[in-house]
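Encoded as structure tokens, the structure appears first; notes follow it.
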Amino acid sequence: MRTIILCLFISLLTACSTNHPNQDITGKSFPSISGQTLEKNNMNMPEDFKEDFTLLLIGYKQNSQFDIDRWLIGLDMTKTKVAAYELPTIQGLFPQMFSTLINNGMRSGIPKPLWKGVVTVYKDGDKVQAFTGNENPNNARVVLLDKNGIILYFYDDGFSVTALNEVRSFLDNN
């Protein structure tokens, strides 16, 4: 019986997803979206970002966490100074209904001091996925914003040292 319920849950979860072609969003304004940190603080993005530069590590599937972790480790190991946020971005009504369960699962796997930098996006999940595209949804999307919400750098192939160095070079030169 549990297996049947789990299969039904998974099929309903995936049935709510829409495919959007990937696109280069460099130079565009990041759309206004809302989310909530794992500390349960509401955020309006990019309006709430006050730094000169903000790096968004956007994941559409749980497997994106592998790329996001490598980005965070790379940023830390290279001592890159940039405000970075993880944005688990989930589209569809069904995940919204289970957002508390999903968020509690993330809280159990993420150390509490990092919760303020993890902003889950449910209501505007489809908006973000349509904006960046969600082909190859396991790949993290990396978005570097200026203080006005303009996208200075975009990368949607997960993680690479070359991409990390491009972000660092951009930050060093501006």
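When a residue number appears, it is its place in the shown sequence, counting from 1.
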Evaluate the side chain to side chain contact (heavy atoms under 4.5 Å, CB included) criterion for residues Ile68 and Arg70: first the C-alpha distance (whole Å), next the side-chain angles of each, then the deciding distance (0.1 Å), finally the verdict.
-> CA-CA 5 Å; Ile68 291 170; Arg70 291 190 298 170; over 6 Å; no
What's the verdict on side chain to side chain contact (heavy atoms under 4.5 Å, CB included) for Asp156 and Asn139, showing C-alpha distance, side-chain angles and the deciding distance?
-> CA-CA 6 Å; Asp156 64 356; Asn139 291 352; 5.8 Å; no
Evaluation steps, side chain to side chain donor-acceptor pair (under 3.5 Å), between Thr80 and Thr78 = CA-CA 5 Å; Thr80 303; Thr78 58; 2.7 Å; yes
Give the intermediate values and the outcome of side chain to side chain contact (heavy atoms under 4.5 Å, CB included) for residues Val143 and Leu55.
-> CA-CA 6 Å; Val143 179; Leu55 189 69; over 6 Å; no
Is there a side chain to side chain contact (heavy atoms under 4.5 Å, CB included) between Tyr153 and Glu166 once you walk through the steps?
-> CA-CA 9 Å; Tyr153 181 84; Glu166 288 171 354; 2.6 Å; yes
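Looking at Ser34 and Met43, their side chains never come closer than 4.5 Å, going by heavy atoms from C-beta outward. Side-chain contact between Thr37 and Val118 is absent, with no heavy-atom pair separated by less than 4.5 Å. Looking at Asn22 and Thr132, their side chains never come closer than 4.5 Å, going by heavy atoms from C-beta outward. Looking only at side-chain heavy atoms (C-beta outward), His20 and Phe131 stay at 4.5 Å or farther from each other.
The heavy-atom pair separating Ala140 from Ser64 by the smallest distance is CB-O, 4.3 Å. Of all heavy-atom pairs between Pro46 and Pro31, the closest is CD-O, 3.7 Å. Counting all heavy atoms, side chain and backbone alike, Gln23 lies closest to Ala130 at NE2-O, 2.9 Å.
Both Phe154 and Val128 sit in one connected hydrophobic cluster of ILVMFWY residues. Membership requires side-chain heavy atoms under 4.5 Å apart, directly or through other members. The cluster map of Ile, Leu, Val, Met, Phe, Trp and Tyr, joined by side-chain heavy atoms under 4.5 Å apart, puts Val167 and Leu72 in the same cluster. A chain of hydrophobic side-chain contacts below 4.5 Å, direct or via other Ile, Leu, Val, Met, Phe, Trp or Tyr residues, connects Leu75 to Val161. Connection of Ile25 to Leu57 is not established within any shared hydrophobic cluster, with ILVMFWY side chains joined at heavy-atom distances below 4.5 Å, either directly or through further cluster members. Linking ILVMFWY residues whenever their side-chain heavy atoms come closer than 4.5 Å, directly or via other members, places Phe30 and Val119 in the same cluster.
Of the residues listed (Leu56, Val121, Thr54, Leu145), the one engaging Met45 in a side chain to side chain contact (heavy atoms under 4.5 Å, CB included) is Val121, and it is the only one.
For Asp24 (side chain) and Thr26 (main-chain N/O), a donor-acceptor pair under 3.5 Å exists by modelled atom type. Side-chain atoms of Gln36 do not come within 3.5 Å of backbone N or O of Thr120 as any donor-acceptor pair. The backbone N or O of Ser169 lies less than 3.5 Å from a partner atom in the side chain of Asn173, making a donor-acceptor pair. Side chain of Lys81 to backbone of Leu171: no donor-acceptor contact under 3.5 angstrom is found. A donor-acceptor contact shorter than 3.5 Å is absent between the side chain of Asn44 and the backbone of Asp48. A donor-acceptor pair is defined here as one N or O able to donate and one able to accept, closer than 3.5 Å; such a pair exists between the side chain of Thr89 and the backbone of Leu87. At distances below 3.5 Å, not a single donor-acceptor pair connects side-chain atoms of Asn19 with backbone N or O atoms of Glu135. Gln65 contributes no side-chain N or O that, together with a main-chain N or O of Pro88, makes up a donor-acceptor pair within less than 3.5 Å. Side chain of Asp124 to backbone of Lys127: no donor-acceptor contact under 3.5 angstrom is found. The backbone N or O of Gly158 sits less than 3.5 Å from a side-chain atom of Trp71, completing a donor-acceptor pair.
By the 6.0 Å contact criterion, CD on Gln62 is open, its count of non-hydrogen atoms from other residues, nucleotides or ligands being 12 or less.
With sequence neighbours excluded, the residues that form a side chain to side chain contact (heavy atoms under 4.5 Å, CB included) with Phe170 are Phe53, Leu144, Leu152, Asn174. In this structure, the side chain to side chain contact (heavy atoms under 4.5 Å, CB included) partners of Lys147, at least two apart in sequence or on a different chain, are Asp52.
To the nearest 0.5 Å, the span separating OG1 on Thr18 from CG on Asn134 amounts to 8.0 Å. Between Ile150 atom CD1 and Ser29 atom OG the span is 3.0 Å, to the nearest 0.5 Å. Note that the CZ atom of Phe159 and the CD1 atom of Ile73 stand 9.0 Å from one another [nearest 0.5 Å].
For the residue pair Tyr60 and Gln129, no side-chain donor N or O sits within less than 3.5 Å of a side-chain acceptor on the partner.
Aromatic ring centres of Phe49 and Tyr85 lie closer together than 6.0 Å.
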